Amino acid sequence: MDDHQLAETAVAPFLPFALPDIGEEEIAAVVECLRSGWVTTGPTARRFEAAFRDYLGADVQTISVNSATAGLHLALESLGIGPGDEVIVPTLTFTATAEVVRYLGAQPVLVDVDNHTLNMDPEAVEAAITPRTRAIVPVHYAGMACDMDALLGLARRHGLRVVEDAAHAFPTRYQGRLVGTLESDITVFSFYANKTMTTGEGGMVVVRDPELARRIRLMRLHGISQDAFDRYVSKTPAWFYEVVAAGFKYNLTDIAAAIGIEQLRKIDRFLAQRQLLAARYDAALAGLPLILPPRPEGDSTHAWHLYVVRLQENAPLRRDELIVRLSQLGIGTSVHFIPLHRQPYWRENCVSDPGRFPVAEAAFDAMLTLPLYTRMRDADQERVIHALHTLLSC
């Protein structure tokens with residue numbers, strides 16, 4: 001692609017790094033929900049929970065929430081995390097992973113990531129365990145599962161709980177098993193607008209232990225002893241309820257759940273399209289000065305929520321300049337993530353030695369997320385590929 005072709009590309013419609021794939025089915029489902037007269041948490045949310053459980057195909061309970069952040073908060077609260085406790089989280093994650101620990105008065109302990117996968121490094125986790133450590137929160141970065149054998153082994157040896165932050169990881173498989181069906185205590189998924197499926201805002205908590213599930217359901221809606229939907233649809237007087245805990249307002253609406261049901265029906269097609277797009281990037285970008293995303297081994301799979309590349313040292317442009325140049329060509333990118341230890345709040349309230357995170361530091365300086373979403377056309381991806389070849393060919 002020469003300068004003239006680049007100029008023509010620049011006037012093409014802006015290409016975002018992510019875009020939800022909403023069809024007529026989702027629109028019709030929302031309209032039906034609006035006409036039903038029940039728009040908050042009710043029968044549609046229950047159907048969504050059941051459909052998600054059936055997709056996982058395991059002996060689990062599924063509890064819908066209004067965000068993955070809410071789900072992580074409920075998960076840790078149900079495990080009794082509180083003041084004086086420590087919870088280990090990776091520094092290369094969104095702030096929600098750590099902030100929910102602070103909601104409970106506990107202390108997040110940040111650890112570095114593995115250089116190959118950018119997932120939580122089990123060796124760093126083991127080094128961070130103290131007598132106050134109560135839980136580990138692995139984050140399945142970009143859609144590839146963490147080394148769960150190592151992390152679950154650590155948890156068993158040290159008597160720790162494990163809450164998987166699977167915001168990126170639906171439907172990811174780890175050694176043939178879907179994330180959400182492993183031996184961790186609780187798994188939390190996200191349905192935010194840019195995820196592999198969406199409800200606009202929303203999430204799902206997956207748990208096996210009936211007592212944990214009971215606590216999460218109770219705290220999801222104000223700590224009230226009787227579900228509002230059951231009270232309102234009862235054919236006999238059912239107005240009485242008891243507040244048994246200081247709960248939260250974390251329920252998912254039926255409107256959002258209606259979208260989720262239709263999105264879930266498409267998830268296998270969505271995954272196949274993301275896999276195809278990722279494979280095309282792999283093939284087309286292989287000769288450039290880039291570190292491409294890792295591929296899972298064996299019968300593990302990648303959800304391809306994000307396609308994150310890292311610039312090699314011999315690249316002709318640095319990351320920030322490349323982002324600007326791509327934006328000038330109408331191509332949107334992002335960075336996932338600014339490590340928590342670089343953020344003012346966490347730097348002041350959590351980290352004493354920034355030198356503990358050499359991998360995350362180096363990765364952050366070099367990384368950017370390329371556009372990848374199911375509505376992406378072949379011509380859209382070719383724009384990205386050609387622009388990268390023009391800008392990065394040495």
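All figures in this text were calculated on a predicted structure; none of them were measured in a lab.
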Whether the Ser64 and Glu49 side chains hold a donor-acceptor pair (N or O, under 3.5 Å, no angle test) is what I'd like checked.
yes
Verify the cluster assignment for Leu264 and Leu178: are they in a single hydrophobic cluster under the rule of side-chain heavy atoms below 4.5 Å apart?
yes
His140 vs Thr172, test: side chain to side chain donor-acceptor pair (under 3.5 Å). Steps then yes/no.
CA-CA 9 Å; His140 303 303; Thr172 294; over 6 Å; no
Ile63-Tyr250 co-clustered via ILVMFWY side chain contacts under 4.5 Å:
yes
Whether Arg274 engages the ring of Tyr307 as a cation-pi pair (distance to the six-membered ring centre under 6.0 angstrom, angle to the ring normal within 45°) should be assessed.
no
Using the rule that two of Ile, Leu, Val, Met, Phe, Trp, Tyr join whenever any of their side-chain heavy atoms come within less than 4.5 Å, decide whether Ile331 and Leu19 are in one cluster.
yes
Salt-bridge criterion met for Arg280 and Asp378 (N-O under 4.0 Å):
yes
The remaining residues in the hydrophobic cluster of Ile136, counting side-chain heavy-atom contacts under 4.5 Å among Ile, Leu, Val, Met, Phe, Trp and Tyr, are Ile88, Val109, Val111, Met120, Val125, Ile129, Met148, Leu151, Leu152, Leu154, Leu160, Val162, Tyr174, Leu182
Decide whether Thr91 and Trp346 meet the rule of one side-chain donor and one side-chain acceptor closer than 3.5 Å.
no
Short side-chain to backbone donor-acceptor contact, Ser78 and Ala75, under 3.5 Å:
yes
Electrostatic pair Glu25-Lys266, nearest N-O below 4.0 angstrom:
yes
Shared hydrophobic cluster, Trp304 / Leu276 (ILVMFWY, side-chain heavy atoms < 4.5 Å):
no
For a quick check under 3.5 Å, do Asp268 and Tyr55 share a side-chain donor-acceptor pair by atom type?
yes
Ignoring hydrogens and angles, state whether a donor on the side chain of Asp21 or Gln273 is under 3.5 Å from an acceptor on the partner side chain.
no
Assess, by modelled atom type and distance only, whether the side chains of Thr130 and Glu86 contain a donor and an acceptor separated by less than 3.5 Å.
yes
Side-chain heavy-atom pair Leu391, Leu317 within 4.5 angstrom cut-off
yes
Phe191 vs Phe170 aromatic rings, parallel, tilted or perpendicular, using cut-offs 30° and 60°?
perpendicular
Plane angle bin for His341 and Phe357 - parallel if under 30°, tilted between 30 and 60°, otherwise perpendicular
parallel
Kindly determine whether His222 and Tyr241 satisfy ring-ring contact (aromatic ring centres under 6.0 Å, His included), including the steps that lead there.
CA-CA 11 Å; His222 298 301; Tyr241 64 89; 9.8 Å; no
Minimum side-chain heavy-atom gap Gln107-Val101 below 4.5 Å:
no
